[in-house]
**Student:** 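Following this message is one structure expressed as C-alpha cells.
FYI, the numbering just counts along the sequence from 1.
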Amino acid sequence: MTTATLTAAGLSPQQLAEACAEAMWSTDWTSQRLGMRIEHIAPGEATLSMDITEDMLNGHGNAHGGFIFSVADSAFAFACNTYNQLAVAYQVSITYMAPGRKGDRLTATARELHRAGRNGIYDIHVTNDRGEPVAEFRGHSRTVKGTHLPE
C-alpha cells in the first residue's frame, strides 16, 4: 500500500493506522538515520526499536539520554498519529531508570491512555533487549490542522 494514492475513506482502523505511519515514516529522517525500526502500529499504539551504537555513548560510556528520549518520543509520535489527524507533543516527561549500553536494542512501546477532543495522553515504556526497564515517558499530544492522508 503506498500513501501517494491512498485516501482515508474506507480503511479499517488498523489500515488507517498503518497508512498514517507509512506517511510519517517517509519523511522522518531523524528516526531513520538513528536506525530506528517500526515494530508495531495499531490505533493509539506504536512500538519502535533502536540499537545503541558507539556513536551514541556519552562520557560515562552509556547511551546519551537524548537518544533514549528520541526513541521514546518517536514511539509517542507514531502512536498519537494513527487516526489521520496531525498530532504534536505539547508536554512530555521522562524518567531514566537504567543506562543503555553499547549493543543494546532499546524498544519503546507507546500506548494511548486517554484521547478526547484535541488532547491525548500516552505512556511509553523503554526496555533493553533483556526486557529490563530503561526509561518511562509520558506524553501529552494535541491535534492540529491537517491530515496524513486525503479524506
**Student:** Just checking, Arg115 and Tyr83: is the charged tip under 6.0 Å from the six-membered ring centre and within 45° of the axis?
**Tutor:** yes

**Student:** Can you tell if the side chain of Met36 reaches within under 4.5 Å of the side chain of Ser49, non-hydrogen atoms only?
**Tutor:** no

**Student:** If you define the side chain from C-beta out and look only at heavy atoms, does anything of Val134 sit under 4.5 Å from Met97?
**Tutor:** no

**Student:** Distance from Phe78 atom CZ to Ile38 atom CD1, nearest 0.5 Å?
**Tutor:** 4.0 Å

**Student:** What closest approach, in Å, do Cys80 and Ala87 show between heavy atoms, and which atom pair accounts for it?
**Tutor:** O-CB, 3.3 Å

**Student:** Between Leu16 and Leu149, does a side-chain contact (heavy atoms from CB on, under 4.5 Å) hold up when you go through it step by step?
**Tutor:** CA-CA 9 Å; Leu16 182 61; Leu149 307 170; 3.9 Å; yes

**Student:** Report the C-alpha distance between Ile52 and Met50 in whole Å, list the side-chain angles of each, state the deciding distance to 0.1 Å, and finish with yes or no for side-chain contact (heavy atoms from CB on, under 4.5 Å).
**Tutor:** CA-CA 6 Å; Ile52 299 299; Met50 179 180 74; 4.1 Å; yes

**Student:** Enter the distance from Leu11:CG to Asn84:CG here, rounded to the nearest 0.5 Å.
**Tutor:** 8.5 Å

**Student:** Calculate, to the nearest 0.5 Å, the distance between atoms OG and CZ belonging to Ser74 and Arg37 respectively.
**Tutor:** 13.0 Å

**Student:** Among pairs that include at least one residue of residues 52-77, which meet ring-ring contact (aromatic ring centres under 6.0 Å, His included), considering only residues two or more places apart or in two chains?
**Tutor:** Phe69-Phe137, Phe76-Tyr122, Phe76-Phe137

**Student:** Could you name each residue pair satisfying salt bridge (Lys or Arg N to Asp or Glu O under 4.0 Å) that touches residues 136-151, not counting sequence neighbours?
**Tutor:** Asp123-Arg138

**Student:** Check the side chains of Arg105 and Asn128 for a donor-acceptor pair under 3.5 angstrom, ignoring hydrogens and angles.
**Tutor:** no

**Student:** Under a 4.5 Å side-chain heavy-atom rule over Ile, Leu, Val, Met, Phe, Trp and Tyr, are Tyr96 and Leu106 clustered together?
**Tutor:** yes

**Student:** Check whether any side-chain N or O of Asn58 sits under 3.5 Å from a backbone N or O of Gly61 as a donor-acceptor pair, and report yes or no.
**Tutor:** yes

**Student:** Kindly say whether Ala79 contributes a backbone atom to a donor-acceptor pair with the side chain of Thr82 at under 3.5 angstrom?
**Tutor:** yes

**Student:** Supply the atom-to-atom distance Thr109 OG1 to Ile124 CD1, rounded to the nearest 0.5 angstrom.
**Tutor:** 9.5 Å

**Student:** Looking only at heavy atoms, which two atoms of Ala17 and Ala42 are closest? And how far apart?
**Tutor:** CB-C, 3.8 Å

**Student:** Looking only at non-hydrogen atoms, find the nearest pair between Ala46 and Ile41 and report the distance.
**Tutor:** CB-CD1, 3.8 Å

**Student:** Without swapping roles, check the side chain of Arg111 against the backbone of Glu45 for a donor-acceptor pair under 3.5 Å.
**Tutor:** no

**Student:** Test side-chain contact (heavy atoms from CB on, under 4.5 Å) on Asp104 and Arg130 and set out the steps.
**Tutor:** CA-CA 9 Å; Asp104 280 354; Arg130 295 171 299 287; 3.1 Å; yes

**Student:** Take a 6.0 Å sphere around CD of Glu54 and say whether it holds more than 12 heavy atoms from other residues, nucleotides or ligands.
**Tutor:** no

**Student:** Grab the two heavy atoms, one from Pro133 and one from Thr127, that are nearest each other, plus how far apart they are.
**Tutor:** CA-CG2, 4.2 Å

**Student:** Which distance, rounded to the nearest 0.5 Å, do you find between the CG of Asp55 and the CG of Leu57?
**Tutor:** 8.0 Å

**Student:** Before giving the answer on side-chain contact (heavy atoms from CB on, under 4.5 Å), spell out for Met56 and Leu34 the whole-Å C-alpha distance, their side-chain angles and the decisive distance to 0.1 Å.
**Tutor:** CA-CA 9 Å; Met56 298 174 176; Leu34 288 175; 4.2 Å; yes

**Student:** So does Trp25 get a backbone contact from the side chain of Gln32, meaning a donor-acceptor N/O pair under 3.5 Å?
**Tutor:** yes

**Student:** Between atom CG of Leu48 and atom OG of Ser70, what is the distance when rounded to the nearest 0.5 Å?
**Tutor:** 11.5 Å

**Student:** Minimum heavy-atom separation for Gly100 to Ile68, with atom names?
**Tutor:** N-CD1, 4.2 Å

